[in-house]
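Computed from heavy atoms alone, side chains included, the values below leave out hydrogens, waters and symmetry copies.
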Amino acid sequence: LLAAIDTAQSGESISIAALYLSDRDVIEALREAAARDVRVRLILDPNKDVYGRVSDGVPNRPAAAELIRQSGGRIECRWYRTHGEQFHAALAMVRKAESLWALIGSADLTRRQLDNFNLNADVALEADLDTPLAQELVNYFETLWQNDPGALREYTADFQIYEDQSFPRYWRYRLMEGAGLGGF
């Protein structure tokens, strides 16, 4: 994942749909990609409902706020509109002029998941952009991002709906991520 993000260049794009995004290496790679003029878009679960309980948005809300703030707004984020359930997507795509690299599976973008503390399965694939699989992946993300008027529901909400600049929650997420104390 990090190598794929690092290869993205100006004019290309990175699209991520995830339940959790908190891994510091991934966050740094996304910031660096945005600084190279790569379009970075995130669809994240607002972490308001976690395993049937109400939650305060950790880790996604403080992580997304950090990414947007530190990228000068170049990184874009939308929240998946949950209604008691969780948006358990695990999709990361790097779109080039003629190809698509994608990571699909069950691993969240957290240190616990990516550093093998929890066993998950992911598949990395690369395909020409005009293949049916690549088009299906791109169309899925775009449907969620755009809230296609032909869709049965509005999938995502603007970043401001769940924006969280809380200093204590930010440092709690950082501590939990670093120590592996969270469920994420």
Side-chain angles (χ1 to χ4, degrees), residues 1-47 57-80 87-127 129 134 137-138 140-142 144-145 156 159 163-165 169-180 182 184:
L1 175 62
L2 295 174
I5 291 171
D6 290 344
T7 66
Q9 298 301 315
S10 177
E12 298 174 342
S13 67
I14 297 169
S15 302
I16 293 175
L19 172 62
Y20 293 124
L21 170 61
S22 61
D23 181 83
R24 299 309 302 169
D25 293 333
V26 173
I27 287 172
E28 181 61 27
L30 293 172
R31 270 199 311 259
E32 290 172 2
R36 293 190 306 272
D37 199 29
V38 174
R39 185 177 189 196
V40 177
R41 295 184 299 167
L42 311 170
I43 298 174
L44 300 175
D45 186 291
N47 300 144
V58 170
N60 285 353
R61 292 187 212 176
E66 173 190 8
L67 280 165
I68 291 169
R69 182 180 61 255
Q70 291 186 354
S71 72
R74 289 185 304 273
I75 293 177
E76 302 169 79
C77 180
R78 294 185 63 76
W79 304 107
Y80 193 83
F87 177 59
H88 206 292
L91 171 65
M93 299 183 292
V94 178
R95 185 175 177 174
K96 308 242 178 190
E98 296 183 20
S99 67
L100 180 76
W101 181 93
L103 184 68
I104 307 166
S106 61
D108 298 319
L109 301 180
T110 68
R111 185 177 77 87
R112 287 182 59 155
Q113 303 276 327
L114 297 178
D115 288 350
N116 293 322
F117 295 114
N118 291 358
L119 298 178
N120 286 283
D122 282 330
V123 173
L125 61 93
E126 190 164 358
L129 198 52
L137 290 170
V138 168
Y140 169 73
F141 188 90
E142 291 301 326
L144 299 182
W145 186 268
T156 58
F159 174 73
E163 180 178 2
D164 187 348
Q165 300 288 342
R169 265 190 295 281
Y170 172 79
W171 284 107
R172 182 164 49 89
Y173 127 71
R174 291 290 305 270
L175 174 66
M176 292 170 75
E177 174 68 10
F184 52 88

Inset, instruction - State, yes or no, whether a side-chain contact exists between W145 and I43 at a heavy-atom distance under 4.5 Å. - result: yes
Legend entry - Residue among V38, V40, D25 satisfying side chain to side chain contact (heavy atoms under 4.5 Å, CB included) with L30: V40
Inset, instruction - Hey, could you give me the CD/CZ distance between E177 and R172, rounded to the nearest 0.5 Å? - result: 13.5 Å
Inset, instruction - Can you measure from CG (D108) to CG (D45) and round to the nearest 0.5 angstrom? - result: 9.5 Å
Inset, instruction - Provide the closest heavy-atom pair for Y173 versus S22 in the form atom of the first, atom of the second, distance. - result: CE1-CB, 3.5 Å
Legend entry - Any donor-acceptor N/O pair, D37 side chain to Q9 backbone, under 3.5 Å: no
Inset, instruction - Hey, could you give me the CZ/CD distance between R39 and E12, rounded to the nearest 0.5 Å? - result: 14.0 Å
Inset, instruction - Tell me, with the steps shown, if L144 and Y140 meet side-chain contact (heavy atoms from CB on, under 4.5 Å). - result: CA-CA 7 Å; L144 299 182; Y140 169 73; 3.5 Å; yes
Inset, instruction - Answer yes or no: is there a donor N or O on one side and an acceptor on the other, between the side chain of S106 and the main chain of A121, under 3.5 Å? - result: yes
Inset, instruction - Please identify each residue that fulfils side chain to side chain donor-acceptor pair (under 3.5 Å) with Q70, with sequence neighbours left out. - result: R31
Inset, instruction - Decide yes or no for R41 and M93: does some side-chain heavy atom of the first lie under 4.5 Å from some side-chain heavy atom of the second? - result: no
Inset, instruction - Would you confirm whether R36, through its side chain, and A8, through its main-chain N or O, come within 3.5 Å as a donor-acceptor pair? - result: yes
Legend entry - Partner set under side chain to side chain donor-acceptor pair (under 3.5 Å) for R174, not counting sequence neighbours: Y170
Inset, instruction - Nearest 0.5 Å please: distance from the CG atom of L100 over to the CD atom of E126. - result: 8.5 Å
Legend entry - Euclidean distance, E32 CD relative to S71 OG, rounded to 0.5 Å: 12.5 Å
Inset, instruction - For L42 and L21, run side-chain contact (heavy atoms from CB on, under 4.5 Å): C-alpha distance rounded to whole Å, both residues' side-chain angles, the deciding distance at 0.1 Å, then the answer. - result: CA-CA 9 Å; L42 311 170; L21 170 61; 4.0 Å; yes
Inset, instruction - Kindly say whether R24 contributes a backbone atom to a donor-acceptor pair with the side chain of R111 at under 3.5 angstrom? - result: no
Legend entry - Close side-chain approach of L103 to L91, heavy-atom, < 4.5 Å: no
Legend entry - Rounded distance [0.5 Å steps], CG in L125 versus CD1 in I104: 4.5 Å
Inset, instruction - Please work out whether the ring planes of W79 and F159 are parallel, tilted or perpendicular, with thresholds of 30° and 60°. - result: parallel
Inset, instruction - Decide, yes or no, whether a salt bridge links R69 with E163 under the criterion of side-chain N to carboxylate O below 4.0 Å. - result: no
Inset, instruction - Could you label the plane-to-plane angle of the F184 and Y20 rings as parallel, tilted or perpendicular, counting under 30° as parallel and over 60° as perpendicular? - result: tilted
Legend entry - Close side-chain approach of T7 and K96, heavy atoms under 4.5 Å: yes
